[in-house]
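Beneath this line is the structure, given in structure tokens, with notes to follow.
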Amino acid sequence: MTHSCFPVIEYDVDLQVAWPPCHGGSTLAVSDGARYRKMLDDFNAISAARPYLNHCTIACAVGAQVFGTTVQDLRTRPNRDVLATRQKVMAFTKVVTGASYHQIARSFDIDHSAVIRACARHELSIRLVLGKTV
């Protein structure tokens, strides 16, 4: 009998680690590491140029652009086509801004419990890619 802790392992050349980790973390697509780094670069550039803008809004817009969707699609609740993208962008927002779940939820027009689930699923892998401490 196989355990759920032994999935097919993908090797991410950007991270130099095997994914998914056996502690129940999320899987990380090979291209997501590069996307998160691009999002961080864009987020830092916009935040520095326009410090008066809401950081959650900036992260949402940058995430939509990098993942090839629109902010409106990320904020539309029943759109299952962008569910994974929405979760990744919400977790990215939590990592780079340190905002509360409620603040992020308001930016995405969604319930804060959805943000909690998204962060539980993707936050660790984003922190590993970006080198952010927990």
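Here the structure is a predicted model, which is why all the values come from computation and not from measurement.
Of the possible donor and acceptor atoms, one in the side chain of Lys94 sits under 3.5 Å from a partner among the backbone N and O of Ala99. Using a distance-only test at 3.5 Å, with no hydrogens or angles considered, a donor-acceptor pair links the side chain of Arg75 to the main chain of Ser107. No donor-acceptor pair under 3.5 Å is formed between the side chain of Glu123 and the backbone N or O of Ala120.
Residues passing the ring pair (Phe, Tyr, Trp, His ring centres under 6.0 Å) test with Tyr101, sequence neighbours excluded: none. Taking Ser47 as the reference, nothing meets the side chain to side chain donor-acceptor pair (under 3.5 Å) condition, with sequence neighbours excluded. Looking at residues two or more places apart in sequence or on another chain, you find a side chain to side chain contact (heavy atoms under 4.5 Å, CB included) between Ala64 and Thr69, Val71, Leu74.
Of all the heavy atoms in Ala59 and Thr93, the pair that sits closest is CB-OG1, 3.3 Å. Among all heavy-atom pairs drawn from Ala91 and Ile126, the shortest one is CB-CD1, 3.6 Å. Closest of all the heavy-atom pairs between Met90 and Ala114 is CE-O, 4.1 Å.
One hydrophobic cluster, built from ILVMFWY side chains closer than 4.5 Å, cannot hold both Phe108 and Val82; they sit in different ones. In the hydrophobic clustering of ILVMFWY residues, with side-chain heavy atoms under 4.5 Å counting as a link, Val66 and Leu83 come out apart. Hydrophobic cluster membership is shared by Val89 and Ile46, with clusters built from Ile, Leu, Val, Met, Phe, Trp and Tyr side chains linked at under 4.5 angstrom.
Among residues at least two apart or in separate chains, salt bridge (charged side-chain N to carboxylate O under 4.0 Å, His left out) pairs with a member in residues 41-62 are Lys38-Asp42. The stretch residues 101-113 participates, sequence neighbours left out, in no salt bridge (charged side-chain N to carboxylate O under 4.0 Å, His left out) pair at all. Sorted by first and then second residue, the ring-ring contact (aromatic ring centres under 6.0 Å, His included) pairs with a member in residues 48-76 read Phe43-His55; sequence neighbours excluded.
Side-chain atoms of Tyr36 and Lys88, non-hydrogen and from C-beta on, do get closer than 4.5 Å to each other.
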CA sep, side-chain torsions, deciding dist, call: Asn44, Leu40, side chain to side chain contact (heavy atoms under 4.5 Å, CB included): CA-CA 6 Å; Asn44 288 335; Leu40 181 62; 3.7 Å; yes

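At a cut-off of 3.5 Å, with distance as the only test, a side-chain donor of Thr70 or Asp73 sits close to an acceptor on the other residue.
We find the CZ-CD distance between Arg35 and Gln65 to be 12.5 Å, quoted to the nearest 0.5 Å.
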